[in-house]
Amino acid sequence: MLIVHTIADLKARLNDERVQGHSVGLVPTMGALHAGHASLVNRSVKENDVTVVSIFLNPTQFNDKKDLERYPRTLEADCRLLEQCGAQMVFAPSVEEVYPEPDTRVFSYPPTDSVMEGAFRPGHFNGVCQIVSKLFDYVEPDRAYFGEKDYQQICVIQRMVEDFKWNIEIVPCPVIREESGLARSSRNTLLSDDERLLAAHIYRILSESKNLDQSVSETHDYVVEQIDAIEGLKVQYFSIVDGKTLADVGSWDDAESVVGCITVYCGAVPIRLIDHIRYK
Ligand code: PAF
């Protein structure tokens with residue numbers, strides 16, 4: 001497995017692959033890799049001749065600097081995992097390599113990027129679009145793989161790809177969960193064992209809410225009340241939305257697909273956890 005740090009090196013290596021007619025899959029990550037990332041890489045390895053995994057802790061998508069400082073950094077372990085998965089290339093650039101100048105580009109895809117995470121983390125999706133558009137430009141992948149764990153992020157990236165009419169297939173990959181149901185996330189390593197047990201209630205309650213046979217607003221209230229009743233958990237938002245546009249729905253018939261997206265604060269620090277459930 002090749003590890004490259006510069007854009008010029010990455011482009012030169014990929015050029016050699018393309019001359020041979022090889023297809024390229026990209027898995028963008030911020031490192032601190034876990035089984036969820038491994039599932040994206042495994043899928044890309046199956047579907048492409050060459051898989052590039054980028055490891056870059058992108059500062060422009062963190063509106064909370066403490067969150068950026070706390071983010072786990074585990075490059076050596078990440079590379080070991082990627083080697084086992086069969087990735088051919090890792091792109092691990094420095095911040096200066098990616099942003100020699102501040103990126104002033106503005107991306108705007110409302111309501112997809114303005115609701116939920118967009119409302120509570122101003123500038124977050126602009127930063128995601130900045131880095132993902134740069135990675136697409138460097139790698140020119142045939143396919144790019146994203147975890148459905150960050151459901152809203154996939155919707156925003158899909159809008160960006162449609163906007164620029166890029167010929168890149170966005171491949172959403174299912175959430176990988178711990179045995180308890182907790183969605184795998186790099187942030188889980190920041191939870192104590194007790195907090196992990198608490199966090200598992202989030203998906204349990206979301207799953208229960210699928211079988212309630214109640215209205216959208218009753219389902220919403222059920223989820224928020226049940227989670228907030230557990231000491232150590234606090235819902236920041238729970239929104240039941242159109243699965244494509246992410247606009248709020250008032251009834252189950254308002255959209256072809258309906259998804260409930262949630263963010264919960266867990267534990268003493270507290271750690272911010274996101275998850276979602278598909279209702280239809
Ligand atoms: O999902 C992530 O890890 C990041 O938002 C991404 C897509 C790698 C961009 O930094």
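None of the values given here were measured: they were computed from a predicted structure.
For E69 and K65, the salt-bridge test fails: no basic side-chain N is under 4.0 Å from an acidic carboxylate O. Salt bridge status for E47 with R43: present, with a side-chain N to carboxylate O gap under 4.0 Å.
Between the side chains of E97 and S94, no donor-acceptor pair is found at a separation under 3.5 Å. A donor-acceptor pair shorter than 3.5 Å cannot be found between the side chains of T219 and Q214. The closest side-chain donor-acceptor pair between T263 and E117 falls under 3.5 angstrom. Judged by distance alone, the side chains of S23 and D142 never bring a donor and an acceptor atom under 3.5 Å apart. S209 and Y279 share a side-chain donor-acceptor pair at under 3.5 Å. With hydrogens and angles left out, the side-chain atoms of Y99 and N58 include a donor and acceptor closer than 3.5 Å.
Other residues, nucleotides and ligands contribute at most 12 non-hydrogen atoms within 6.0 Å of the NZ atom of K244.
Screening L26, V19, V24, D9 for a side chain to side chain contact (heavy atoms under 4.5 Å, CB included) with L14, the sole residue that qualifies is V24.
The cationic group of R177 lies under 6.0 Å from the six-membered ring centre of Y203 and within 45° of the ring axis, placing it in a cation-pi geometry.
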Which donor-acceptor pairs under 3.5 Å do side chains of residues 120-128 form with protein atoms, sequence neighbours excluded?
residue	atom	partner	partner atom	Å
H124	ND1	Q61	O	2.8
N126	OD1	F107	N	2.6
N126	ND2	R105	O	3.1

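Ring pair F164/F136: centre-to-centre distance not below 6.0 Å.
Take E169 and apply the salt bridge (charged side-chain N to carboxylate O under 4.0 Å, His left out) test, not counting sequence neighbours, and it matches R143.
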